[in-house]
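Along the sequence shown, residues carry numbers from 1. Everything numeric here is computed off the predicted structure, so don't read it as measured data.
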Amino acid sequence: MTSAADDSNPCNPAPIKAVCLDIDDTLLDSQSAARSSLKELLGTDRAWPVWQRTTDRYYARFVSGQLPFDVMCVERTRAFFAAFGENIDHAEARRREERRMAAMQRAWCLFDDVAASLDWMCASGLRLAAVTNAPGDYQRTKLAAVGLADTFDAVVISGEIGVAKPDPRIFHTACDHLGLQPHEVAHVGDRLTTDAQGATRAGLRGIWLNRDQVPAPRDSADDRVPTITGLAELPELLVTEIAAPHFADLVGQAR
């Protein structure tokens with residue numbers, strides 16, 4: 001358990017009463033599902049780095065409101081194949097994307113540490129929210145598919161409220177739904193800037209879930225946030241660094 005950058009953490013934080021969680025690559029192993037779906041489509045996953053770069057470029061256009069989600073998916077698929085010299089029309093791109101999407105949905109699953117972590121937070125009396133950048137129907141279908149449809153006290157989705165992380169408004173919306181002030185809420189996510197630093201700048205306690213243990217960017221050296229490499233580390237972090245002492249007796253239950 002380490003730290004990576006944020007400059008707005010209070011020296012004496014108030015007890016945490018709720019935890020917000022990102023969905024993709026925080027609770028759900030979306031990257032593995034996406035990679036396996038690409039392999040099913042192509043027969044190999046050797047082009048995965050190209051798919052990742054293409055996805056980052058096109059998903060940013062969805063999040064910013066430039067493209068609807070379904071259009072983004074098709075345009076991303078066309079751009080991906082164009083990168084290898086294959087120019088396909090919209091109909092063919094849609095056909096391939098539908099095949100890939102179906103394969104990905106079959107592969108959706110939670111990380112191994114999710115169930116125990118959620119059980120601990122519920123047992124400790126913490127309220128829970130999911131905060132995610134995605135279309136509403138898509139994410140709610142995903143939560144239902146992995147058995148989390150009824151887990152959260154609030155589900156806040158960028159596609160439903162019109163603002164996306166790291167905009168402070170999406171974090172404040174989650175706090176409003178929970179009936180809490182931002183300083184009473186922690187947010188955990190796999191993106192340093194989008195999740196951890198974005199939440200901290202909105203007044204929450206941002207936590208970076210760095211499962212792959214990638215180095216923090218050098219330009220974030222003045223923006224420290226707590227960092228964990230798995231959700232199994234979250235109870236200890238909440239107890240020892242940012243939460244109330246009454247959680248201490250429950251830490252062992254999460255291991």
Verify same cluster id: [X], [Y] (apolar side-chain graph, 4.5 Å):
{"X": "Y58", "Y": "L42", "result": "no"}
{"X": "W51", "Y": "F69", "result": "no"}
{"X": "M104", "Y": "V71", "result": "yes"}
{"X": "F81", "Y": "M101", "result": "no"}
{"X": "V74", "Y": "L41", "result": "no"}

Practice task
Can you establish whether the number of heavy atoms outside R57 located under 6.0 Å from its atom CZ is more than 12?
Solution key: yes
Problem - Within 6.0 angstrom of D119 CG, more than 12 heavy atoms from elsewhere - result: yes
Exercise for the section: Apply side chain to side chain contact (heavy atoms under 4.5 Å, CB included) to V188 and L231, showing your working. Expected result: CA-CA 9 Å; V188 183; L231 290 178; 4.1 Å; yes
Exercise for the section: Name all pairs fulfilling the ring-ring contact (aromatic ring centres under 6.0 Å, His included) condition that reach into residues 143-164, sequence neighbours left out, sorted by first residue then second. Expected result: none
Practice task
Any ring-ring contact (aromatic ring centres under 6.0 Å, His included) involving residues 82-115? Give me the pairs, sequence neighbours left out, ordered by first then second residue.
Solution key: F80-F84, W108-Y138
Tell me the closest heavy-atom pair linking [X] and [Y], and the distance in Å.
{"X": "S158", "Y": "A134", "answer": "OG-N, 2.9 Å"}
{"X": "A144", "Y": "A149", "answer": "CA-CB, 3.9 Å"}
{"X": "S36", "Y": "A107", "answer": "OG-CB, 3.5 Å"}
{"X": "A202", "Y": "H172", "answer": "O-NE2, 2.8 Å"}
{"X": "S64", "Y": "Q66", "answer": "OG-NE2, 2.9 Å"}
{"X": "T77", "Y": "A93", "answer": "CG2-O, 3.8 Å"}

Are any side-chain N or O atoms of [X] and backbone N or O atoms of [Y], one a donor and one an acceptor, separated by less than 3.5 Å?
{"X": "S117", "Y": "D113", "result": "no"}
{"X": "D167", "Y": "R169", "result": "yes"}
{"X": "N133", "Y": "K165", "result": "yes"}
{"X": "W208", "Y": "D190", "result": "yes"}
{"X": "T26", "Y": "I23", "result": "no"}

With rounding to the nearest 0.5 Å, note down the distance linking [atom1] in [X] to [atom2] in [Y].
{"X": "L118", "Y": "L21", "atom1": "CG", "atom2": "CG", "value": "6.5 Å"}
{"X": "L126", "Y": "L178", "atom1": "CG", "atom2": "CG", "value": "10.5 Å"}
{"X": "S30", "Y": "D25", "atom1": "OG", "atom2": "CG", "value": "4.5 Å"}
{"X": "C20", "Y": "R127", "atom1": "SG", "atom2": "CZ", "value": "10.5 Å"}
{"X": "T227", "Y": "N210", "atom1": "OG1", "atom2": "CG", "value": "6.5 Å"}
{"X": "T44", "Y": "L38", "atom1": "OG1", "atom2": "CG", "value": "8.0 Å"}

Problem - Qualifying residue for side-chain hydrogen bond (donor to acceptor under 3.5 Å, both in side chains) with K142, from T132, D24, D137 - result: D24
Exercise for the section: Apply side chain to side chain contact (heavy atoms under 4.5 Å, CB included) to L148 and L110, showing your working. Expected result: CA-CA 10 Å; L148 297 183; L110 299 174; 3.7 Å; yes
Exercise for the section: Could you tell me whether the side chains of R76 and T54 share a donor-acceptor contact shorter than 3.5 Å? Expected result: no
Problem - D153 and H177 side chains, donor-acceptor separation under 3.5 Å - result: no
Exercise for the section: Begin from the C-alpha positions of V50 and R53 and carry the test side chain to side chain contact (heavy atoms under 4.5 Å, CB included) through to its verdict. Expected result: CA-CA 5 Å; V50 179; R53 291 194 296 270; 3.4 Å; yes
Indicate yes or no: at least one non-hydrogen side-chain atom of [X] is less than 4.5 angstrom from one of [Y].
{"X": "E160", "Y": "R140", "answer": "yes"}
{"X": "C175", "Y": "L204", "answer": "yes"}
{"X": "F62", "Y": "E75", "answer": "no"}

Problem - Pair I161-I157, side chain to side chain contact (heavy atoms under 4.5 Å, CB included): steps then yes or no - result: CA-CA 7 Å; I161 68 169; I157 303 174; over 6 Å; no
Exercise for the section: Give a yes or no on whether a salt bridge exists between R95 and E92, defined as a side-chain N under 4.0 angstrom from a carboxylate O. Expected result: yes
Handout entry: Lys/Arg N to Asp/Glu carboxylate O, R106 vs E40, below 4.0 Å
Key = yes
Handout entry: Option from I88, D89, N87 for which side-chain contact (heavy atoms from CB on, under 4.5 Å) with R78 holds
Key = I88
